[in-house]
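The structure appears right after this line, and notes come after that.
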Number of protein chains: 2
Amino acid sequence: MVHPTKKQKRGSSSSSSSSSSSIETSYTVKASSSSSSCPTKQHQLPLFLSKTYHMIDRCDPTISTWSIAGDNFVVKDVEKFASEVLPLYFKHSNFSSFARQLNFYGFRKLRSDPILTNDIDPQTSCYVRFYHEKFQKDHPELLQTIKRATKASDQQSKEDVDTLKLEVYKLKNLVTEMEVGMERKISDMTYDYNRRITSLTTECDRLANLVK
Amino acid sequence: MVHPTKKQKRGSSSSSSSSSSSIETSYTVKASSSSSSCPTKQHQLPLFLSKTYHMIDRCDPTISTWSIAGDNFVVKDVEKFASEVLPLYFKHSNFSSFARQLNFYGFRKLRSDPILTNDIDPQTSCYVRFYHEKFQKDHPELLQTIKRATKASDQQSKEDVDTLKLEVYKLKNLVTEMEVGMERKISDMTYDYNRRITSLTTECDRLANLVK
DNA sequence: GGGAATATTCCC
DNA sequence: GGGAATATTCCC
């Protein structure tokens, strides 16, 4: 089978279909050295989102299409969708890989869940629906607001690091407080000690003089 | 162009060439819940290594081949290698992506670097050689010992976490030592203090009795 | 050559 | 549905 995306680079539009692209498909990694307000080097819409939007938009509606209200999309024939549609846009033909990406971007699976067994429509029971608040028919401008999840391990590591840094901070404060407290306590004790010693010594001297 | 690896899954052998595979090509993620000595679920050789080994082994030698000694491999025609050979094994046809993967696995680029400009052979000056101690012609068994680099950020995070944990450990020890030290110091001071007060008080009492 | 992001795979 | 690995891309 011909693989139309073979030489595709990020930033070029999909080569498999017509090109009246209404959404930004380029992707640029945010320059690590620039501030986040730099207008030229911002990361743009991930290709996954623009590809998926176009894919649903242009798909044979008997395989996959928008819902009637346009607020979700349905894959009616997972088999055909995987083998015939996905490879037009992605470097694979696995439905589960597509679903994994949807999951990364926060899409949720919708279920019809009929109450009665009799209500199960054999025609539509195998349909798979996906929903994302910002993934709507005729509203590609919303796509920009969809954020990909950062990896959980990174998240965890960051939290771990932050927790440990806080602990180090608190411990250093404690050490400083203990040093100050110890110094003051010893200073106070020494003061009292010397005062009482002096007082007793004076008394001894006075009495010693009287004894003489 | 036909894309032979389209439906390939990890664990299946490359479908583009003959199949007298002498090396393990399956890949299984290490089960996180099992001990590292579990023989059935170990991660095997990454596909990148087995694919690259076969690729060099089977390549048209005018495009890429092993060195004469078999201890490195040379890409003689980067252009053709990228467009014709890479996509037989990988989901792309970019030489830089291939090089990036080599880099992940610890391969080094070799240069001929002739001393004299005259020594530059226009035939071979554009050759690109790669070397890895464990990537040798006729020794596929060495491939298993090649380890992919873990991501630098993870590495960094791990080191950061370890450093911070050590710091927390040291600070907690310091706090304990300070507590013990302070207690002993105050105890010692109190002891001296009481001894001298007692001694002086006794002397005062003795003198007071004499005065009476 | 390598950092860091997204993409794809595999597993639980 | 999501964790974690490898794969691919893009950038410095």
Side-chain angles (χ1 to χ4, degrees), chain A residues 5-12 25-34 40-52 82 86-87 89-109 111 128 130 146-157, chain B residues 5-12 26-34 38 40-52 82 86-87 89-109 111 128 130 146-157:
Chain A
T5 60
K6 187 175 74 71
K7 281 197 171 180
Q8 183 185 351
K9 290 187 176 181
R10 289 186 181 178
S12 64
T25 58
S26 67
Y27 172 87
T28 309
V29 172
K30 182 165 53 186
S32 56
S33 57
S34 68
T40 57
K41 292 266 181 176
Q42 284 302 77
H43 63 267
Q44 304 293 342
L45 196 56
L47 276 182
F48 174 77
L49 292 174
S50 46
K51 285 184 173 186
T52 301
L86 281 179
Y89 297 88
F90 300 101
K91 296 185 167 187
H92 64 84
S93 50
N94 303 312
F95 190 76
S96 59
S97 292
F98 176 63
R100 185 71 191 85
Q101 280 285 74
L102 289 172
N103 176 263
F104 263 125
Y105 285 92
F107 284 72
R108 313 305 302 197
K109 219 175 189 172
R111 306 195 211 180
V128 183
F130 288 97
I146 299 178
K147 293 283 166 264
R148 192 183 199 273
T150 55
K151 282 196 313 178
S153 61
D154 285 5
Q155 206 83 329
Q156 191 55 45
S157 287
Chain B
T5 60
K6 189 175 71 75
K7 282 197 172 181
Q8 182 184 354
K9 288 188 177 183
R10 288 186 182 180
S12 65
S26 68
Y27 173 88
T28 309
V29 172
K30 182 166 53 187
S32 55
S33 57
S34 68
C38 170
T40 57
K41 293 265 183 178
Q42 283 303 77
H43 64 268
Q44 304 293 341
L45 197 55
L47 275 183
F48 175 77
L49 292 174
S50 46
K51 285 184 173 185
T52 300
L86 282 178
Y89 299 88
F90 301 101
K91 295 185 168 187
H92 65 85
S93 50
N94 302 313
F95 190 76
S96 58
S97 291
F98 176 62
R100 184 71 191 86
Q101 280 284 75
L102 289 172
N103 176 263
F104 264 126
Y105 285 92
F107 284 72
R108 314 306 300 197
K109 218 174 188 173
R111 307 196 211 177
V128 184
F130 288 97
I146 299 179
K147 292 283 166 267
R148 193 184 198 270
T150 56
K151 282 198 313 178
S153 62
D154 284 6
Q155 206 84 327
Q156 192 54 46
S157 287

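Naming: A, B, ... by sequence-line order, numbering from 1 per chain.
- In this entry the distance linking CZ of B:Phe104 with P of C:dG1 reads 14 Å, nearest Å.
- Side-chain proximity of A:Pro46 to the nucleotides D:dT8, D:dT6, C:dA7 is greatest for C:dA7.
- Between D:dT8 and B:Asn94, no contact under 4.0 Å exists linking OP1 or OP2 to a side-chain N or O.
- At the heavy-atom level, A:Phe98 lies nowhere under 4.0 Å from the strands shown.
- Across the protein-nucleic acid pair, A:Phe90 atom CZ and C:dT9 atom P stand 12 Å apart, rounded to whole Å.
- You'll find that the side chain of B:Arg100 is closest to C:dG3, out of C:dG3, D:dG3, D:dT8.
- Scored by the ring-ring contact (aromatic ring centres under 6.0 Å, His included) test, B:Phe48 finds B:Phe90, B:Phe98, B:Tyr105 as partners (sequence neighbours excluded).
- Atom C1' of nucleotide D:dC10 and atom CZ of B:Phe95 are separated by 17 Å, given to the nearest angstrom.
- Within 4.0 Å of B:Phe107, counting heavy atoms only, lies no atom of the nucleic acid at all.
- Between B:His92 and D:dT9, a side-chain N or O to OP1/OP2 separation shorter than 4.0 Å is present.
- Listed nucleotides: C:dT9, C:dG2, D:dG2. Nearest to the side chain of B:Arg108: C:dG2.
- Taking atom CD1 on B:Ile146 and atom P on D:dA5, their separation rounds to 19 Å, with Å as the unit.
- Atom pair B:Leu86:CG and D:dA7:P shows a separation of 14 Å (rounding to whole Å applied).
- A donor-acceptor pair under 3.5 Å is formed between the side chain of B:Ser50 and the backbone N or O of B:Leu47.
- Taking atom CG of A:Leu102 as the reference point, atom P of C:dT6 lies 15 Å away to the nearest angstrom.
- Of all nucleotides listed (D:dA7, C:dT8, C:dG1), C:dT8 comes nearest to the side chain of B:Lys91.
- Candidate nucleotides C:dG2, D:dA7, C:dT9 were compared by shortest atom distance to the side chain of B:Gln101, and D:dA7 ranks first.
- OP1 or OP2 of C:dA7 sits under 4.0 Å from a side-chain N or O of A:Tyr105.
- Between B:Phe130 and B:Arg108 there is no side-chain heavy-atom pair separated by less than 4.5 Å.
- A distance of 15.0 Å separates NZ in B:Lys91 from CG in B:Leu86, rounded to the nearest 0.5 Å.
- Minimum atom distance to the side chain of A:Leu47 is reached by C:dA7, of the listed C:dA7, C:dG2, C:dT8.
- For A:Phe107, the ring-ring contact (aromatic ring centres under 6.0 Å, His included) partners two or more places apart in sequence, or in a different chain, are A:His132, A:Phe135.
- We find that CZ of B:Phe48 is positioned 17 Å from P of C:dC10, with the value rounded to whole Å.
- Remark: A:Asn103 is not in phosphate contact with D:dG1, judged by side-chain N or O atoms under 4.0 Å from OP1 or OP2.
- Taking atom NZ on A:Lys51 and atom P on D:dT9, their separation rounds to 10 Å, with Å as the unit.
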